[in-house]
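These notes are about the structure you will find just below.
In listed order, ligands and their atoms are each counted from 1.
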Amino acid sequence: MAQPKVLLTRRWPEAIEARLGEVFDLTVSRDDLPLDAEQLKAALRDYDAVLPTVTDRLSAPIFDLTNPRTKILGNFGVGFSHIDLTAASACGIAVTNTPDVLSECTADLAMTLLLMVARRAGEGERELRNGKWTGWRPTHMIGKKVSGATLGIVGFGRIGQAMARRAHFGFGMKIVVQNIPAVAPEILAEFGAEQVDSIDELLPRCDFVSLHCPGGTENHHLIDARRLGLMKPDGCLINTARGEVIDQQALAQALWFGTIGGAGLDVFEGEPDIPYALLGADSLVMLPHLGSATRETRDAMGLRVMENLVAFFEGREPRDRVN
Ligand code: 8YV
């Protein structure tokens with residue numbers, strides 16, 4: 001049987017591209033730029049499998065095709081809010097993601113942001129690099145203590161739990177959780193965590209709030225001006241989930257007026273564009289979507305996509321099918 005025709009929309013780790021090339025008739029998008037709508041439509045027409053990333057916006061009109069050749073989208077990433085699952089299913093296209101393998105590194109990055117915001121690491125580095133540091137003094141760049149503080153976690157799946165493990169066992173933080181549905185008592189007990197019924201109940205109780213829920217329309221602007229107003233005046237918000245979960249204009253306002261203590265963002269609505277109002281906010285730490293960006297994790301993500309693809313083309317159910 002001929003090898004399935006597979007398209008990588010972006011460059012992947014070299015070793016994984018080589019492994020995929022041994023098993024599939026592989027095309028790599030060599031210029032490594034996001035595909036536009038026409039290119040994505042052409043990909044669905046011409047390839048048996050397309051392996052997209054978060055930069056490929058596979059919205060409903062892209063699937064408006066008669067008889068696409070593509071039978072599976074093997075997404076490189078756990079989040080898939082950039083893919084319209086209903087439209088993919090209507091075309092008979094399976095969609096898979098890469099859970100588990102990136103939980104540790106994404107939680108590491110959420111903790112990095114939390115520590116940076118609390119201890120004003122971004123501000124401190126900027127001061128030093130700009131030649132503005134005048135020397136030590138007792139009142140210089142005073143931050144907020146992390147150890148023993150209360151961390152609110154919105155979305156208690158794999159990454160949320162990995163974050164709780166770091167915060168609770170590494171920093172003695174108290175963990176408060178909001179999740180739909182209810183979390184099993186034995187999982188909460190592992191972290192001494194308490195589950196509350198709503199985000200509104202969680203926000204006023206927490207020194208830090210870290211978002212680990214899915215993106216997409218269901219959680220669009222989940223954290224809006226009203227909810228930012230429920231946070232403690234020195235509370236800090238961390239987002240490694242998806243940009244659309246926060247209303248960025250409302251966040252910019254909260255940061256500029258100092259109604260919250262600070263924020264750490266790894267993801268943005270409409271990334272890579274960053275709203276001007278956020279760029280100048282000093283109590284904000286920003287990273288360019290680095291959650292899973294370690295050699296080990298990116299390799300593991302690639303292998304996980306490959307495993308899903310091999311299963312699919314051998315007629316088995318891929319383990320990470322999401323539709
Ligand atoms: C990925 C992510 O690097 O897996 C996810 O959902 O947000 C990132 O860790 C990115 O999405 C690649 O598509």
Ranked by distance from atom 4 (O) of ligand 1, the top protein heavy atom is Val78 N, 2.7 Å
If we number the atoms of ligand 1 from 1 as shown, the ones under 4.0 Å from a heavy atom of Gly79 are 4 (O), 5 (C), 6 (O)
for atom 2 (C) of ligand 1, nearest protein heavy atom and its distance come out as His289 NE2, 3.5 Å
The side-chain contact (heavy atoms from CB on, under 4.5 Å) partner of Leu287 among Thr240, Leu265, Leu109 is Leu109
Looking only at heavy atoms, the pair that brings Phe268 and Gln248 closest together is CA-OE1, 3.3 Å
_Below 30° counts as parallel, above 60° as perpendicular, anything between as tilted: where do the rings of Trp133 and His140 land?_
parallel
One finds that the ligand 1 atoms under 4.0 Å from a non-hydrogen atom of Phe76 are 12 (C), 13 (O)
Exercise. Can His289 and Glu271 be counted as having a side-chain donor-acceptor contact under 3.5 angstrom?
Worked result: yes
A student checking ligand 1 against Arg298 at a 4.0 Å heavy-atom cut-off should list atoms 3 (O)
for atom 10 (C) of ligand 1, nearest protein heavy atom and its distance come out as Val54 CG1, 3.9 Å
In ligand 1, the atoms that come under 4.0 Å of a heavy atom of Leu102 are 4 (O)
Arg242 near ligand 1 by a heavy-atom separation under 4.0 Å: yes
Ligand 1 to Gly77, heavy atom cutoff 4.0 Å, flagged ligand atoms 4 (O), 5 (C)
**Asked** Hey, would you say the Phe208 and Phe171 ring centroids sit under 6.0 Å apart?
**Response** no
Quick note on ligand 1: atoms under 4.0 Å from a heavy atom of Thr53 include exactly 13 (O)
